[in-house]
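Worth knowing before you read on, the calculation uses all heavy atoms, side chains too, and leaves out hydrogens, waters and symmetry mates. Proteins get letters first, then strands, A, B, ... in listed order; numbering begins at 1 in each.
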2 protein chains.
Amino acid sequence: MTYAIGEIAEKMNLSIHTLRYYDKEGLLLFVQRTENGRRVFSDRDIILLSTIECLKATGMPLKDIRQYVDWCVEGAETIPQRYELVKNQKKVLEDQMAQLQKMLNAINYKCEFYKQALETGSTELCESDRKEWAEKVVTGKF
Amino acid sequence: MTYAIGEIAEKMNLSIHTLRYYDKEGLLLFVQRTENGRRVFSDRDIILLSTIECLKATGMPLKDIRQYVDWCVEGAETIPQRYELVKNQKKVLEDQMAQLQKMLNAINYKCEFYKQALETGSTELCESDRKEWAEKVVTGKF
DNA sequence: ACTTGACCTCGAGTAAGCTTTAGGATTTAT
DNA sequence: ATAAATCCTAAAGCTTACTCGAGGTCAAGT
């Protein structure tokens with residue numbers, strides 16, 4: 001099966017503009033063209049696009065994703081590099097999640113405070129923000 | 001205790017430029033000035049700055065954080081709004097973490113593949129990228 | 001007193017990741 | 001056969017969040 005850019009845009013939930021932008025940035029090197037220059041996506045392209053979306057969702061910048069795509073296009077001899085990149089991104093992701101978990105704890109603390117403030121009817125500005133709370137946020141000790 | 005902008009920059013691990021930028025964007029409404037215009041931060045300011053950093057870490061745009069700060073400055077009558085904002089951000093954060101967890105599963109799958117490819121010595125381009133993998137990424141079913 | 005360092009404003013510059021516009025060609029449906 | 005939909009490139013524009021530089025004021029140490 002092959003697909004036009006519009007179908008891919010819909011399937012991947014990206015705009016056509018964004019796909020063309022990705023192409024310009026070298027992320028769609030593997031996409032074929034018709035004799036009139038229209039892009040033709042294959043099922044394999046959808047698969048690689050999914051990988052791109054996955055890496056993007058972890059916050060990897062497009063130029064790094066481009067490196068991955070380049071390696072994919074180069075072939076099997078770049079598997080060690082790709083393995084390294086993916087392993088590294090796994091670590092990045094785990095760190096991100098740990099950081100978000102801390103922020104979630106902090107937000108939960110805030111939520112609790114505001115809830116109590118509403119129940120008891122307090123009047124001080126930001127009274128929830130006790131010093132040890134700020135310290136926990138700053139030092140990441142939550 | 002009061003602090004100059006440089007001390008705050010160091011304590012919060014932000015550049016002086018960034019702090020001044022935040023001020024320009026209305027995030028530091030509460031910071032006092034000397035008669036000569038120098039910013040004077042209090043302990044309470046550090047606490048509110050910590051909250052700002054916390055919201056920022058969850059990806060909230062500065063203009064939304066500004067709304068929160070405005071409410072804080074307005075006083076206790078905005079506690080319901082602040083509670084709503086914080087509750088909502090908690091949900092955003094939980095969704096983010098769920099999404100990242102899916103991506104982590106996908107990345108783990110990739111890692112496994114590349115590991116095996118290295119051990120068994122495979123040669124196909126992106127052969128790990130089987131269709132059902134792409135589908136899982138696209139549909140978020142991981 | 002005077003030099004050094006920290007602060008100030010304002011305005012311009014940067015980078016990433018799109019988004020829009022203009023102008024044109026090609027498909028597809030009726 | 002023709003109108004509408006879809007595609008193309010190239011270039012400009014936009015948003016967010018800084019980051020830097022120029023030109024100047026003020027405070028602290030020697």
Give a yes or no on whether a salt bridge exists between R39(A) and D45(A), defined as a side-chain N under 4.0 angstrom from a carboxylate O.
no
Rounded to whole Å, please give me the gap between CG in L19(A) and P in dT20(C).
15 Å
Whether over 12 other heavy atoms sit under 6.0 Å from E10(A) CD:
no
note: I8(A), atom CD1; dT6(D), atom P; distance rounded to Å ~ 15 Å
In whole angstrom, give the distance that lies between atom CD1 of I16(A) and atom P of dT9(D).
12 Å
Separation of dA5(D) C1' from E7(A) CD (nearest whole Å):
13 Å
Polar-atom pairs under 3.5 Å, protein N or O versus N or O of nucleotides 23-27 of chain D: list them with distances, or write none.
residue	atom	partner	partner atom	Å
dC26(D)	O2	R38(B)	NH2	3.3
dA27(D)	OP1	N36(B)	ND2	2.6

Take atom CG of L27(B) and atom P of dC18(D), then tell me their distance rounded to the nearest Å.
10 Å
As a test of understanding, state which of E25(A), E53(A), K56(A) forms a side-chain contact (heavy atoms from CB on, under 4.5 Å) with I65(A).
K56(A)
Is it the case that atom CD in E94(A) sees more than 12 heavy atoms from other parts of the structure closer than 6.0 Å?
yes
With hydrophobic residues grouped by side-chain heavy-atom distances under 4.5 Å, do V73(B) and M60(B) end up in a single group?
yes
Tell me whether the rings of Y83(A) and Y114(B) are parallel (<30°), tilted (30 to 60°) or perpendicular (>60°).
tilted
Output one letter per nucleotide in nucleotides 9-17 of chain C: B when a protein non-hydrogen atom lies under 4.0 Å from the base, S when only the sugar-phosphate is that close, - when neither is.
B-------B
dC18(C) phosphate, OP1 or OP2: any side-chain N/O from S15(A) under 4.0 angstrom?
no
Short side-chain to backbone donor-acceptor contact, Q89(B) and L55(B), under 3.5 Å:
no
Check the distance between dA22(D)'s P and H17(B)'s NE2 and give it to me in whole angstrom.
12 Å
Nearest to the side chain of I5(A), heavy atoms from C-beta on, is which of dC18(D), dC7(D), dC20(D)?
dC7(D)
Should we count CD of Q101(A) as having more than 12 external heavy atoms under 6.0 Å?
yes
Stepwise salt bridge (charged side-chain N to carboxylate O under 4.0 Å, His left out) check, E84(A) with K87(A)
CA-CA 5 Å; E84(A) 273 312 303; K87(A) 259 199 307 192; 3.2 Å; yes
